[in-house]
Amino acid sequence: MRTVRLVILAFVLGFLVTGLVAPQTHFLWVAIQHGGI
Amino acid sequence: MLATLLSWFRDTGRFLASHPGPLALVVTGLLGGVISGLPVGDAMFTYMWRNPSFCDDCHVHDFANEACFRSVHGGVTTCHDCHKVPVRHYPRNLWVTVFDTPETRSDIPTPHLPLVVCGQCHLSTQEEEPLTGPLTDEDRKHVVKIDDAPLHRAHLDAKQRKPSGYHGGTDQPPRANRSGAEDEPDPTAGAITCLDCHGSDEGEAHQFTATRNDCVSCHGELELPKGHLTTVDCTQCHLEGFLAPERTASATP
């Protein structure tokens with residue numbers, strides 16, 4: 001049961017990183033490059 | 001709370017380190033999540049950077065959006081190819097939208113676009129400038145370049161914004177870049193910018209076509225007080241000079 005919970009947690013974390021966090025940081029980086037702070 | 005969390009990480013780390021099977025499953029789950037999130041992240045970035053709906057969520061100005069879609073730029077690009085704003089714009093604009101919502105056109109400031117933004121597509125010397133919106137390289141190649149058009153060249157090379165008396169310059173300062181932005185250049189100094197002729201008046205947006213009023217605002221002394229030419233648009237005779245790569249034989253003195 002512990003393994004199942006950890007697998008689910010790892011999947012959710014991986015999904016959040018590339019699905020939500022990465023596009024936001026990419027957006028900010030591109031915006032800073034072309035528009036500044 | 002923090003101690004509990006640290007304890008959980010310590011126990012979980014020990015458990016995974018001593019059980020290779022569960023560790024492999026957890027790593028597989030992590031990779032599965034990373035891969036599953038890629039299309040979602042790509043769609044989110046595309047929405048935020050290339051889809052005008054992202055900007056329109058806060059910029060509720062239908063007149064500007066519709067004018068843009070009707071213009072020559074509509075259908076080939078969206079906001080971010082021309083409007084490159086600093087990062088601080090996003091939280092500030094969100095705050096304004098929620099707590100100080102614009103009610104009329106005059107509440108919406110007109111942005112100032114430097115020449116380089118127009119030039120990245122319309123000047124062959126700035127073809128290497130990176131685009132940030134959805135305009136494709138193929139479409140960019142087909143955009144009209146105005147470097148070698150003699151009348152555009154004359155305006156780009158002008159040392160001052162006010163034309164000479166020979167060219168009908170008036171004593172009035174030429175109509176400035178009509179953005180109203182704080183960093184708007186002095187209307188009587190510096191080089192002519194694209195928006196001097198292709199910008200919009202206050203309360204309008206995305207009216208890119210230069211009109212007779214744009215010409216006579218600087219070349220007022222050439223405007224005839226009466227006769228047929230008082231109603232003729234300047235571009236009916238002079239348009240070719242703004243587009244043709246070479247001065248035509250008929251226009252050569």
Side-chain angles (χ1 to χ4, degrees), chain A, chain B residues 8-9 11-16 18-51 54-55 79-93 111 113-114 116-117 120 129-133:
Chain A
M1 194 61 192
R2 184 181 194 183
T3 302
V4 173
R5 282 203 303 268
L6 288 176
V7 170
I8 293 172
L9 182 63
F11 181 90
V12 171
L13 276 177
F15 185 88
L16 288 178
V17 166
T18 53
L20 291 178
V21 179
Q24 301 292 343
T25 52
H26 189 194
F27 175 87
L28 287 176
W29 173 238
V30 175
I32 289 170
Q33 275 185 306
H34 296 284
I37 302 293
Chain B
W8 180 87
F9 274 113
D11 292 345
T12 304
R14 285 180 187 148
F15 170 73
L16 291 176
S18 58
H19 296 80
L23 176 62
L25 286 174
V26 168
V27 171
T28 304
L30 183 66
L31 289 175
V34 166
I35 294 170
S36 302
L38 286 176
V40 177
D42 186 56
M44 179 176 287
F45 179 76
T46 299
Y47 170 73
M48 292 191 301
W49 198 247
R50 301 183 188 281
N51 190 332
F54 172 70
C55 302
C79 318
H80 279 299
D81 268 327
C82 305
H83 297 283
K84 298 176 179 181
V85 295
V87 170
R88 66 177 179 275
H89 168 91
Y90 296 96
R92 188 178 66 181
N93 203 54
L113 296 186
V116 65
V117 172
Q120 66 188 1
E129 289 288 332
L131 291 181
T132 52

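Chain letters run A, B, ... following the sequence lines, proteins first and then strands; every chain starts at 1. Hydrogens, waters and symmetry mates are skipped; everything else that's a heavy atom, side chains included, is used. Since we're looking at a predicted model, the values are computed, not measured.
Of all residues spanning residues 19-26 of chain B, those with a heavy atom less than 4.5 Å away from chain A's heavy atoms are B:Pro22, B:Leu25, B:Val26, arranged by number.
Neither the backbone nor the side chain of B:Thr46 comes within less than 4.5 Å of any heavy atom in chain A. Residue contact with chain B, scored on non-hydrogen atoms closer than 4.5 Å, involves the backbone of A:Ile37 exclusively. Using a 4.5 Å cut-off between heavy atoms, B:Ser36 contacts chain A through both its backbone and its side chain. Only the side chain of B:Phe54 comes within less than 4.5 Å of a heavy atom of chain A; its backbone N, CA, C and O stay farther away.
Taking CD from A:Gln24 and CE from B:Met44, the interatomic distance works out to 5.5 Å, rounded to the nearest 0.5 Å. Taking NE2 of A:His26 as the start and CG of B:Asp42 as the end, the distance is 9.5 Å to the nearest 0.5 Å.
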Full working for side-chain contact (heavy atoms from CB on, under 4.5 Å) between B:Asp11 and A:Arg2: CA-CA 11 Å; B:Asp11 292 345; A:Arg2 184 181 194 183; 3.8 Å; yes
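Across B:Val40, B:Leu16, B:Leu30, B:Thr28, the residue that shares the most heavy-atom pairs under 4.5 angstrom with chain A is B:Leu30.
Taking all atoms of both residues into account, the shortest heavy-atom contact from A:Pro23 to B:Gly41 is CB-O, 3.4 Å.
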For residues 13-22 of chain A, please give each side-chain donor-acceptor pair under 3.5 Å, one per line with the distance, not counting sequence neighbours.
| unit_1 | atom_1 | unit_2 | atom_2 | d |
| --- | --- | --- | --- | --- |
| A:Thr18 | OG1 | A:Gly14 | O | 3.2 |
| A:Thr18 | OG1 | B:Val34 | O | 2.8 |

